[in-house]
Participant: 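Below: one structure in structure tokens.
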Amino acid sequence: MDTSKRFDKGNGGCPGIQCEANREVLCNSCSEGVITAAHRVQDRSIEPCLFGKGGTCCRNCNMGPCQIIEGVDSMKGVCGADAATVAARNFARIVAGGAAAHMDHGRGVALAFLATAKGETPYEIKDGMKLRETALRIGIDPGEKSKTDLAIEVGEKMVAEFGQQEGVLSFIKRAPAPRQELWEKQGVAPRGVDREVVEMMHRTHMGVDQHYEHILQHAARCALADGWGASMIATELSDIMFGTPVPIRSKVNIGVLKEKEVNVTVHGHEPVLAEALAMAANDPEIVAECKKVGAKGVNLAGVCCTGNEILMRRGLPIAGSFVQQEVVLATGAVEAMVVDVQCIMQGVSPVSSNYHTSLFTTSDKAKITGATHIPFEEHNAMDVAKDILKRAIAKFPERGKHFIPVHEMDVVAGFSHETINYILGGRFRASYKPLNDNIVNGRIRGVAAIVGCDNFRVMDEVHVELAKELIANNVLVLVTGCAATGMGRAGLLSPEAKEMAGDGLKEVLEAVGCPPVLHMGSCVDNSRLLIAATEMVHTGGLGSDISEIPVVGCAPQWMSEKAVSIGQYFVSSGAYVVFGPSFPTTGSKKVTDFCFNEMNEIYGGSWDLAVTANEFANKMIDKIDARRQALGLDKKKERVLFDMAMRRELGSSIPGMGCSPGGH
Ligand code: SF4
Ligand code: MSK
């Protein structure tokens, strides 16, 4: 099944692309001659390879590459490997790649945290309460210890978990007890962060692990070391160091770039760099430099998950999601793009070279041809941040022909697990009980997580259409990553969007005053979703494990290997997870059956595949209803079935909100 969709040629030969703002920039003369991924994806010569897409191309040794067809004896690998072995190995390596990205991110945060605790960085330990709670959770008695001593002890223990060889990772013990027992029984409880990735790469080397089920079980262990290990470490320590997010208003979309300010976009994932830039932007020295060139100040705006990090904690705007990174530069209005790691397309370098824009790489792990490399690490954070900003300011007088579209949208972000607890129950009785009660009484049908990337091979705004359909059916939506930015562009992260919700959900949202789609952060912050699901279990009334609660997940426009690791740790934690528009094992029926069905027998959670928003919604709501029924909560619920006319009407019924995901 070919699930890809192509962009249409838009007006005058400029490519159509998922949002109005993008289209306006790429159709404007300011971007004449600029080539972006939106153009490249239309090139038929880079059509996805069918063997690669289905996971049955093996290049793990130099007797290959071997292209394998399941059930055809003559189409095995030279070594005799069959399609199931190859598809499982490739899937496992995708999980390992994605997990490794989160793990290295987590390690960076843990090292920065430890250095901060020792007073060696410009950051501080902002959330003392969360520090104490975290210490207790990982088996450290806070007692009368000073904040500094406690932070050093927590930091050292977290750093040590990356190289741990035996035992089990500390945060695994946060999971519901039956889940921990299941992981132990299945032999998938992660022992150390790095160990599980190294073992995954070893097992999938030529001639090692060849039984697809055995390979996939270690993929589960590797993913758990990501979700309940490195990603959770990254989120928790970032919160303690930079502040636990609380609801905060801001704006998203390319229109957040400012005409009279020095526009600096921060792109990538690690919050340490973006925090330093945010601190330096208000430094008197920088303010004075801006004045000298006639700029009103520095306008710091995020791209991809760095955007989510600074949006959640500082209320700084997001200029664009993954698919907008080159388009933001093609406005000609950006003085500098500063990148660290992950999801940075090589295309940003040639695009920036069309303008006065400086591209800076900062991580010792990532250089890009054409970019200026300025090494950043937490010990010299402020010096590097100021150096970058001064160079950006110097570019401001060189800004030439440019175009900033008017599109920007108001959002409310910052729904950490702690915030949800607080807004539901209040300061003195913070609890998930009101959420569970409303699920039991049926006002809220269930909870759905929409996570992950946007993708140039998906033209429709599947995230947005899906979210609309879910909330109309009284499903509360939690969102992270670039999906969150897409929701923001479409107006779904504003409290006014409650008008789109079904009656039951709307009643609850009116009582607590939050949007129907809750922005929970970046890719690593999917760990917040694990904690939220666990809290629902602990609160009671909805079963004794994550596999019983009416909660589902999806990544309808996934692109990155990290999304697959995230999906797998949700599945291994007991969630039903739908991916689209394709799944990387479909070349092997055996492996796909294992992921879609047998994993459900083992974990009570499984994978599934959908393409359209409607297909996603049907599958997710069916699963929520099935879990409600198993809990004895139903009474079969009414279903609102969507057609295009209804979607249009829903979008336009809210003041200031058109259907256009471009926003206003
Ligand atoms: Fe081919 Fe086997 Fe080598 Fe893979 S490991 S490339 S299937 S010979
Ligand atoms: S940045 S992993 S495109 S969500 Fe986290 Fe966005 Fe996906 Fe990268």
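Quick caveat, the model's predicted, so the values are computed rather than measured. Read the numbers this way: they start at 1 and go in the same order the structure lists the ligands and their atoms. Residue numbers start at 1 and run along the sequence shown.
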Participant: Quick one: does Ser522 get within less than 4.0 Å of ligand 2, heavy atoms only?
Facilitator: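 Checking ligand 2 against Ser522, which is what was asked, there is no heavy-atom contact under 4.0 Å.
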Participant: Run the numbers on Ser231 and Asp226 for side chain to side chain donor-acceptor pair (under 3.5 Å), then give the verdict.
Facilitator: CA-CA 6 Å; Ser231 283; Asp226 170 359; 2.6 Å; yes
Participant: Considering only heavy atoms, does Gln342 approach ligand 2 within less than 4.0 Å through its side chain, its backbone, both, or neither?
Facilitator: neither
Participant: Give the atom numbers and elements of ligand 1 that come within less than 4.0 Å of a heavy atom of Gly77.
Facilitator: 7 (S)
Participant: Identify the closest protein heavy atom to atom 3 (Fe) of ligand 1: which residue and atom is it, and at what distance?
Facilitator: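 Result for atom 3 (Fe) of ligand 1: Cys61 SG, 2.3 Å.
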Participant: Looking only at protein heavy atoms, identify the closest one to atom 2 (Fe) of ligand 1 and say how far it is in Å.
Facilitator: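 Here the nearest protein heavy atom works out to Cys79 SG, 2.3 Å.
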Participant: Quick check on side-chain contact (heavy atoms from CB on, under 4.5 Å): which of Val34, Val348, Leu359 does Leu329 satisfy it with?
Facilitator: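 Only match with Leu329 under side-chain contact (heavy atoms from CB on, under 4.5 Å): Val348.
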Participant: So, does Thr480 use its side chain to make a donor-acceptor pair with the main chain of Gly521 at under 3.5 Å?
Facilitator: no
Participant: Centres of the Trp228 and Phe171 rings: under 6.0 Å?
Facilitator: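 No, too far apart.
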Participant: Could you check which of Cys58, Cys66, Gly80 puts a non-hydrogen atom nearest to atom 1 (Fe) of ligand 1?
Facilitator: Cys66
Participant: To which protein heavy atom is atom 7 (Fe) of ligand 2 closest, and what is the distance rounded to 0.1 Å?
Facilitator: Cys453 SG, 2.5 Å
Participant: Could you check whether atom NE2 of His214 has more than 12 heavy atoms from other residues, nucleotides or ligands sitting under 6.0 Å from it?
Facilitator: no
Participant: Is there a heavy atom of Gln210 sitting under 4.0 angstrom from any atom of ligand 1?
Facilitator: no
Participant: Would you kindly specify which portion of Cys305 sits under 4.0 Å from ligand 2, judged on non-hydrogen atoms: side chain, backbone, both or neither?
Facilitator: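 It is both parts that get close, each with some atom under 4.0 Å.
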Participant: Compare all side-chain heavy atoms of Ser573 with those of Leu224 and state whether any distance is below 4.5 angstrom.
Facilitator: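 Answer yes - side chains close enough.
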Participant: Side chains of Asn455 and Val323: does their closest heavy-atom pair fall under 4.5 Å?
Facilitator: no
Participant: Which atoms from ligand 2 have a heavy atom of Cys304 less than 4.0 Å away?
Facilitator: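 Going through ligand 2 atom by atom, the ones under 4.0 Å from Cys304 are 1 (S).
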Participant: Taking only heavy atoms of His269 into account, list the atoms of ligand 2 that are under 4.0 Å away from them.
Facilitator: 1 (S), 5 (Fe), 8 (Fe)
Participant: For Phe322, take its heavy atoms, then give the atoms of ligand 2 lying under 4.0 Å from any of them.
Facilitator: 3 (S)
Participant: I'd like to know if Lys590 pairs up with Glu213 as an ion pair, taking the criterion as any Lys NZ or Arg NE/NH1/NH2 lying under 4.0 Å from an Asp or Glu carboxylate oxygen.
Facilitator: no
Participant: For ligand 1, which atoms have a heavy atom of Arg89 less than 4.0 angstrom away?
Facilitator: 4 (Fe), 5 (S)
Participant: Check ligand 1 against Met206 and write out every atom of the ligand that is under 4.0 Å from a heavy-atom position of the residue.
Facilitator: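 Every atom of ligand 1 under 4.0 Å from some heavy atom of Met206: 5 (S).
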Participant: List ligand 2 atoms under 4.0 Å from Met559, heavy atoms only on the residue side.
Facilitator: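 Listed by number with element, the hits are 3 (S).
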Participant: Heavy-atom distances under 4.0 Å decide this one: backbone, side chain, both or neither, for Cys482 against ligand 2?
Facilitator: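 The answer is both.
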Participant: What residue and heavy atom of the protein are closest to atom 8 (Fe) of ligand 2, and at what distance?
Facilitator: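 Checking every protein heavy atom, the shortest distance to atom 8 (Fe) of ligand 2 gives Cys343 SG, 2.2 Å.
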Participant: Any idea which atoms of ligand 1 are less than 4.0 Å away from a heavy-atom of Gly64?
Facilitator: 6 (S)
Participant: Do Asp340 and Phe376 come within less than 4.5 Å of each other through their side chains, counting heavy atoms only?
Facilitator: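 Asp340 does not reach Phe376 side chain to side chain.
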Participant: Evaluate the ring planes of Trp558 and Phe579, with Trp represented by its six-membered ring, and classify them as parallel (under 30°), tilted (30 to 60°) or perpendicular (over 60°).
Facilitator: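 Answer is tilted, since the angle falls between 30° and 60°.
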Participant: Of the backbone and side-chain N, O or S atoms of Cys523, does one lie nearer to atom 8 (Fe) of ligand 2 than 2.8 Å?
Facilitator: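 Checking atom 8 (Fe) of ligand 2 against Cys523, no N, O or S atom falls under 2.8 Å.
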Participant: How many angstroms lie between CZ in Arg221 and CG in Leu216, if you round to the nearest 0.5 Å?
Facilitator: 15.0 Å
Participant: Do Asp454 and Gln557 have side-chain atoms, one donor and one acceptor, less than 3.5 Å apart?
Facilitator: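 Result is no, nothing qualifies.
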Participant: I need the atoms of ligand 2 closer than 4.0 Å to a non-hydrogen atom of Ser560, numbered in the order shown.
Facilitator: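 So the answer, numbered in order with elements, is 2 (S).
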